[in-house]
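Working notes for the structure below.
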Amino acid sequence: MNSMSQRGWRLRCQACGTGYDFAPMVHGCPACAAHGRIGLLELTRTYSLKSGDFSGCTGRGLDRWLDVLPVQDKDAFLSLGAGGTALIHSRIIGRRLGIPHLYFKLEQQNPTASFKDRFVAMSANAARSFGFRKIVVSSTGNLAIAVAAYAAALEMESMVIVPHGTPAGILAEASFYNAKIAVTDRELRFSALETAARRPDWFPIGLFLAKPVQNAFGVEGYRTFAYEVIEDLGEAPGTMLFPCARGNGLYGAFKGFLDCQEAGLIATLPRLVATQPEKANSIEVSLARGSDSAVELPPFESVAKSTSEAVSSDDALDAIRESGGYGLSASEEEIQEAAASLAEEGLNVETSSALPVACLPKLVRADGFDRERPVVCVLTAGGPRWMDSGKNASPRIFETATISDFERLLDKTKERDLLNIREGQA
């Protein structure tokens, strides 16, 4: 696929500093690759922001901020209404903990009920603007659903790679959007994504990580967390908490707060807080050890399934340090109790989304915490996904035990071909 010019934005390698034109460079920095290294490419502005760049914005959600986001064709951008989620004041939990200005950011109000819509809207629109008509993702939940939905809306084909054990509701919902679903071993799914990424017609929607397959576009959608919260509060919060697996959401919000500081909209950055399950608390452990890079931990399966990663991103770790923030963790019991306490507020969230609330008691005891300034908990996704049986009449789910099976599935796009695959598995 050819690159396209994008005024005001460039790709820059975090490792070696080499700059590149705005292009679908999903395999990282070529200069680093020539020396056997992986260089993470990141989108950066080539101009300085001013307060006027944020004035006179119209629309809502992501559409409100297109002038300050890396979007090639604003007229063709399709957000499905992502972003612009409510920021509501706590009635119960804040009073219990002595936090008078506690707020919840309700990301379950996004089109597919999670914060991943911000990420996928930017990624899928970028892919389409580069000329791709097929997108592929490896995911265990919310990201898979968002990719399937945006692909359908943009008239693109989608492939979702999931590990065995993925909840049936996730598979049913992705299937409802006509995504092809490759079910494989957990260890094989990233190899499958890399296999698809080597095909010139498939755009891989990976995370913003220094991996063989990268995505510089999606994390930019998370800048809008900062824009929206500042607009709603009229100031920066004192503290903002995120459930974190890799930490892309926290890092993207950090970039947004830096934007607002550069434009003179805020004087100081909020303290950013990564909240994770105990035993999957890569950021808390890394900060405690004073490590320059995120520490990898043994695998752990938490009730907060979507945050059960062994290692977080170095960028999230750096953002917490630069903002004077914290890494906090909660036990399995504390996470479940926090989900129940949110139900008292009238909020049904995915268990992982309760992590910020589970960690609030530890936050109030942290050095430097100011309980009189606004505290924002990002609730990243809604509760369990339920699909009625009628929506799952024609599932498109295929067992892929090997990479050869997966490549065969990539090659087949017609319904008759897919039927032949299924018959061959019987």
Side-chain angles (χ1 to χ4, degrees), residues 26-27 112 114 116 119-120 123-124 127-128 132-207 209 211-215 218 245-246 299 301 305-306 308-309 385 387 391-426:
V26 298
H27 299 291
T112 71
S114 92
K116 294 294 187 182
F119 186 93
V120 175
S123 303
R128 198 174 194 281
F132 289 89
R133 292 298 179 268
K134 299 178 181 181
I135 53 178
V136 58
V137 67
S138 172
S139 170
T140 57
N142 293 323
L143 181 59
I145 301 300
V147 165
Y150 278 86
L154 289 165
E155 300 181 81
M156 303 173 76
E157 186 177 341
S158 64
M159 169 77 73
V160 172
I161 307 163
V162 299
H164 291 111
T166 299
I170 299 296
L171 301 182
E173 194 167 352
S175 176
F176 179 60
Y177 289 118
N178 280 330
K180 290 199 291 289
I181 303 171
V183 183
T184 189
D185 291 337
R186 185 171 293 271
E187 298 75 22
L188 196 66
R189 62 192 183 103
F190 295 112
S191 295
L193 182 66
E194 291 174 24
T195 298
R198 288 193 289 270
R199 301 285 187 100
D201 53 340
W202 287 90
F203 183 90
I205 295 187
L207 296 179
L209 294 168
K211 298 289 185 181
V213 176
Q214 305 175 8
N215 175 10
R246 301 295 193 175
E301 190 68 30
K305 291 184 181 296
S306 60
S308 299
E309 292 285 355
R385 295 176 177 272
M387 295 287 290
K391 286 185 177 180
N392 196 24
S394 300
R396 294 156 60 83
I397 302 168
F398 305 90
E399 181 71 29
T400 49
T402 67
I403 289 296
S404 295
D405 289 343
F406 178 72
E407 289 197 281
R408 186 170 172 232
L409 185 56
L410 285 174
D411 289 333
K412 306 299 183 183
T413 57
K414 296 179 181 179
E415 291 297 329
R416 183 178 300 172
D417 292 330
L418 295 176
L419 180 62
N420 289 339
I421 291 177
R422 188 176 300 285
E423 289 176 346
Q425 293 171 355

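Note: hydrogens, waters and symmetry copies are ignored here, and every other heavy atom, side chains too, is used. We count residues from 1, following the sequence as given.
Between Glu157 and Lys180, at least one side-chain nitrogen of the basic residue sits less than 4.0 Å from a carboxylate oxygen of the acidic one, meeting the salt-bridge criterion.
For the side-chain contact (heavy atoms from CB on, under 4.5 Å) test, residues two or more places apart in sequence or in another chain that qualify with Val213 are Leu193, Glu194, Ala197, Pro204.
A heavy-atom distance below 4.5 Å is found between the side chains of Ile145 and Tyr177. In this structure the side chain of Leu171 reaches within 4.5 angstrom of the side chain of Thr166, judged on heavy atoms. Taking 4.5 Å as the limit, some side-chain heavy atom of Met159 sits within range of a side-chain heavy atom of Leu409. Using a 4.5 Å cut-off on side-chain heavy atoms (C-beta onward), Ile205 and Val136 make no contact. With a 4.5 Å cut-off on side-chain heavy atoms, Asp405 and Glu399 do not count as touching. When side chains are defined from C-beta on, Leu207 counts as touching Leu143, because their heavy atoms get closer than 4.5 Å. With a 4.5 Å cut-off on side-chain heavy atoms, Glu407 and Arg199 count as touching.
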Could you give me the CA-CA distance, side-chain angles and deciding distance for Ile161 and Phe406, then say whether side-chain contact (heavy atoms from CB on, under 4.5 Å) is met? CA-CA 9 Å; Ile161 307 163; Phe406 178 72; 3.7 Å; yes
Worksheet entry | Step-by-step side-chain contact (heavy atoms from CB on, under 4.5 Å) determination, Val26 to Asn215 | CA-CA 6 Å; Val26 298; Asn215 175 10; over 6 Å; no
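Residues Ala144 and Val160 share a closest heavy-atom pair of CB-CG1, 3.4 Å.
In this model, a donor atom of one side chain and an acceptor atom of the other lie less than 3.5 Å apart for Arg189 and Ser138.
A donor-acceptor pair under 3.5 Å links the side-chain atoms of Gln214 to the main chain of Lys211, judged by distance alone.
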